[in-house]
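See below for the structure under consideration.
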Amino acid sequence: MSTIALKKRTPVRPARILLHTFLVVTSLAWLAPLLWAIFAALRPYSETSTKGYVSWPDKLNFDNFKNAFGQSDMMHYFGNTLIIAVPAVLLTLLLSSMVAFYVSRFDFRLNVFLLLVFTAGNLLPQQVIITPLYRMYLLIDLPGITVSGKLYDSALGLVLIHVAFQSGFCAFVLSNYMRMLPHELTEAALVDGASVWRMYWQIVLPLCKPAMAALATLLSIWIYNDFFWAIVLISTGENMPITSALNNLSGQYFTDPNLVAAGALLTAIPTLIVYFVLQRQFVSGLTLGANKG
């Protein structure tokens with residue numbers, strides 16, 4: 001009892017107060033734009049144009065959300081995004097896990113160099129290669145495979161560029177994760193006559209589920225929120241993903257910022273769903289490696 005009483009009387013240190021104050025201020029700074037967007041989306045434009053955005057609201061409703069969902073044809077663009085994001089995430093995880101398995105479980109001279117080649121692509125700014133990549137996409141003909149007949153202006157083109165740019169980071173993360181797995185597992189399987197594919201598919205890959213789930217969460221958010229590649233490599237409005245659908249809410253001479261705020265909040269809902277569904281796997285994937293010797 002005396003120990004408990006002593007702990008209760010322990011004074012709070014100034015450093016701890018400063019730390020909590022800093023965390024609260026930082027959290028509010030990060031949440032302020034989101035809260036302001038929600039506040040603006042719930043107000044009609046006629047009210048904010050008269051009273052200003054920094055004013056007490058007379059009426060809050062969901063009319064902007066309904067109008068944004070209908071005017072932008074959001075369901076169509078959600079479908080376009082799924083066609084791009086799902087194959088891109090699956091292909092990236094599959095190919096990068098193969099590379100990670102090879103460089104982490106087999107010893108050879110070019111082991112590290114091969115991993116650096118895959119990782120180096122993430123160090124190159126996207127804007128540097130956009131001109132040659134754009135011309136290359138125009139030259140690649142895919143008759144009967146894509147609607148446009150070319151790699152340009154197609155979902156396949158976006159899937160390939162996302163796989164190319166994200167595979168390096170995923171291979172780097174997964175290779176470090178696979179190196180922490182006991183080598184005795186694959187050595188015992190090799191003695192029992194297991195093939196390389198079986199060691200990869202049935203032994204190593206199931207053990208990497210936490211890391212794969214964490215990467216799947218990150219990839220889904222990154223690819224879903226992509227705007228740069230979609231605006232450059234897609235020319236037909238109907239083929240664009242959800243991030244480009246917000247352009248439908250902007251008029252030629254007038255743009256309702258409250259309506260755009262509501263549309264932006266609607267587009268953020270799928271990423272929140274993905275994060276909350278995979279939250280436990282995401283956190284375990286980030287922290288599990290710290291517990292291994």
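Predicted, not measured: the structure shown is a model, and the values here were computed from it.
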**Message:** If you apply the rule side-chain contact (heavy atoms from CB on, under 4.5 Å), what do you find for Val99 with Ser167, and how did you get there?
**Reply:** CA-CA 9 Å; Val99 175; Ser167 293; over 6 Å; no
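- Taking each heavy atom of Met178 and Ala100 in turn, the nearest pair found is SD-C, 3.6 Å.
- Taking every heavy atom of both residues into account, Thr92 and Ala88 meet most closely at OG1-O, 2.6 Å.
- Within the 3.5 Å criterion, the main-chain N or O of Phe172 finds a donor-acceptor partner in the side chain of Ser175.
- Taken from CD1 in Ile223 to CD1 in Ile161, the straight-line distance is 11.5 Å, to the nearest 0.5 Å.
- With Thr243 contributing its side chain and Asp226 its backbone, the two residues share a donor-acceptor pair below 3.5 Å.
- The ring-ring contact (aromatic ring centres under 6.0 Å, His included) search around Phe113 returns none, not counting sequence neighbours.
- Counted within 6.0 Å of CD on Gln127, heavy atoms from surrounding residues, nucleotides or ligands total more than 12; the atom is thus considered enclosed.
- Separation of the Trp229 and Phe165 ring centroids falls under the 6.0 Å cut-off.
- Contact detail for Ala40 and Asn258: the closest heavy-atom pair is O-ND2, 3.0 Å.
- Close placement of the Trp222 and Phe169 rings is indicated, their centers lying within 6.0 Å of each other.
- Once rounded to the nearest 0.5 Å, the distance linking OG1 of Thr131 with CZ of Arg135 reads 9.0 Å.
- Counting only residues at least two apart or on different chains, no ring pair (Phe, Tyr, Trp, His ring centres under 6.0 Å) pair has a member in residues 73-99.
- Put simply, the side chain of Ser97 reaches to within 4.5 Å of the side chain of Leu205, judged on heavy atoms.
- Between Asp58 and Arg43 there is no salt bridge, since none of the side-chain N atoms of the basic residue sits less than 4.0 Å from a carboxylate O of the acidic one.
- Here the CD1-OG1 distance, from Ile234 to Thr236, works out to 7.5 Å after rounding to the nearest 0.5 Å.
- Leu90 belongs to a hydrophobic cluster whose other members, connected by ILVMFWY side-chain contacts under 4.5 Å either directly or through intermediates, are Leu82, Val86.
- Ring orientation note: the planes of Phe62 and Phe65 are tilted relative to one another, at an angle of 30° to 60°.
- Aromatic ring centres of Tyr102 and Tyr200 lie farther apart than the 6.0 Å criterion allows.
- Asp141 contributes no side-chain N or O that, together with a main-chain N or O of Lys150, makes up a donor-acceptor pair within less than 3.5 Å.
- Taking CG of Asn239 as the reference point, atom CD1 of Ile84 lies at 8.5 Å (rounded to 0.5 Å).
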**Request:** For Phe39 and Tyr53, run ring-ring contact (aromatic ring centres under 6.0 Å, His included): C-alpha distance rounded to whole Å, both residues' side-chain angles, the deciding distance at 0.1 Å, then the answer.
**Result:** CA-CA 9 Å; Phe39 178 65; Tyr53 283 93; 8.4 Å; no
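- Going from atom CG of Leu215 over to atom OG of Ser96 covers 7.0 Å, rounded to the nearest 0.5 Å.
- Closest of all the heavy-atom pairs between Asn64 and Ala41 is ND2-O, 2.8 Å.
- Other members of the hydrophobic cluster containing Leu28, listed by chain and number, are Val24; membership follows side-chain contacts under 4.5 Å among ILVMFWY residues, whether direct or relayed.
- The minimum heavy-atom distance linking Thr186 with Arg105 is given by the pair OG1-NH2, 3.4 Å.
- Cluster note: Trp30 groups with no other residue, as no ILVMFWY side-chain heavy atom lies under 4.5 Å from it.
- Within a 6.0 Å sphere centred on CE of Met136, other residues, nucleotides and ligands contribute more than 12 heavy atoms.
- There is no side-chain donor-acceptor pair under 3.5 Å between Ser154 and Tyr137.
- Looking at heavy atoms from C-beta onward, Cys208 lies in side-chain contact with Leu181 at the 4.5 angstrom threshold.
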**Item:** side-chain contact (heavy atoms from CB on, under 4.5 Å) between Tyr45 and Leu259, worked out
**Value:** CA-CA 8 Å; Tyr45 178 75; Leu259 189 67; over 6 Å; no
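- Here Leu23 sits in one hydrophobic cluster together with Leu19, Phe22; the rule is ILVMFWY side chains under 4.5 Å apart, joined directly or through other members.
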**Asked** Is there a side-chain contact (heavy atoms from CB on, under 4.5 Å) between Asp256 and Val260 once you walk through the steps?
**Response** CA-CA 6 Å; Asp256 184 349; Val260 174; 5.9 Å; no
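- Under the 4.5 Å side-chain contact rule for hydrophobic residues, Val191 and Ile203 do not share a cluster.
- Ile17 and Val25 are not part of a single hydrophobic cluster, where members link through side-chain heavy atoms under 4.5 Å apart.
- Linking ILVMFWY side-chain heavy atoms closer than 4.5 Å, directly or via other members, places Ile231 and Ile83 in two distinct hydrophobic clusters.
- Counted within 6.0 Å of CZ on Arg179, heavy atoms from surrounding residues, nucleotides or ligands total more than 12; the atom is thus considered enclosed.
- Put simply, the side chain of Thr146 gets close to the backbone of Gly149: a donor and an acceptor are under 3.5 Å apart.
- For NZ of Lys66, the number of neighbouring non-hydrogen atoms (other residues, nucleotides, ligands) closer than 6.0 Å is 12 at most.
- Connection of Phe276 to Ile221 is not established within any shared hydrophobic cluster, with ILVMFWY side chains joined at heavy-atom distances below 4.5 Å, either directly or through further cluster members.
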**CA sep, side-chain torsions, deciding dist, call: Leu95, Val163, side-chain contact (heavy atoms from CB on, under 4.5 Å)** = CA-CA 9 Å; Leu95 298 178; Val163 171; 4.0 Å; yes
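- The minimum heavy-atom distance linking Ala189 with Met199 is given by the pair CB-CG, 3.9 Å.
- Following chains of ILVMFWY side-chain contacts shorter than 4.5 Å, one cannot reach Leu160 starting from Leu139, and the two form parts of different hydrophobic clusters.
- At distances below 3.5 Å, not a single donor-acceptor pair connects side-chain atoms of Asp153 with backbone N or O atoms of Leu233.
- Rounding to the nearest 0.5 Å places CE of Met212 at 9.5 Å from CG of Leu219.
- A distance-only check finds no donor-acceptor pair linking the side chain of Asp192 to the backbone of Ala194 [under 3.5 Å].
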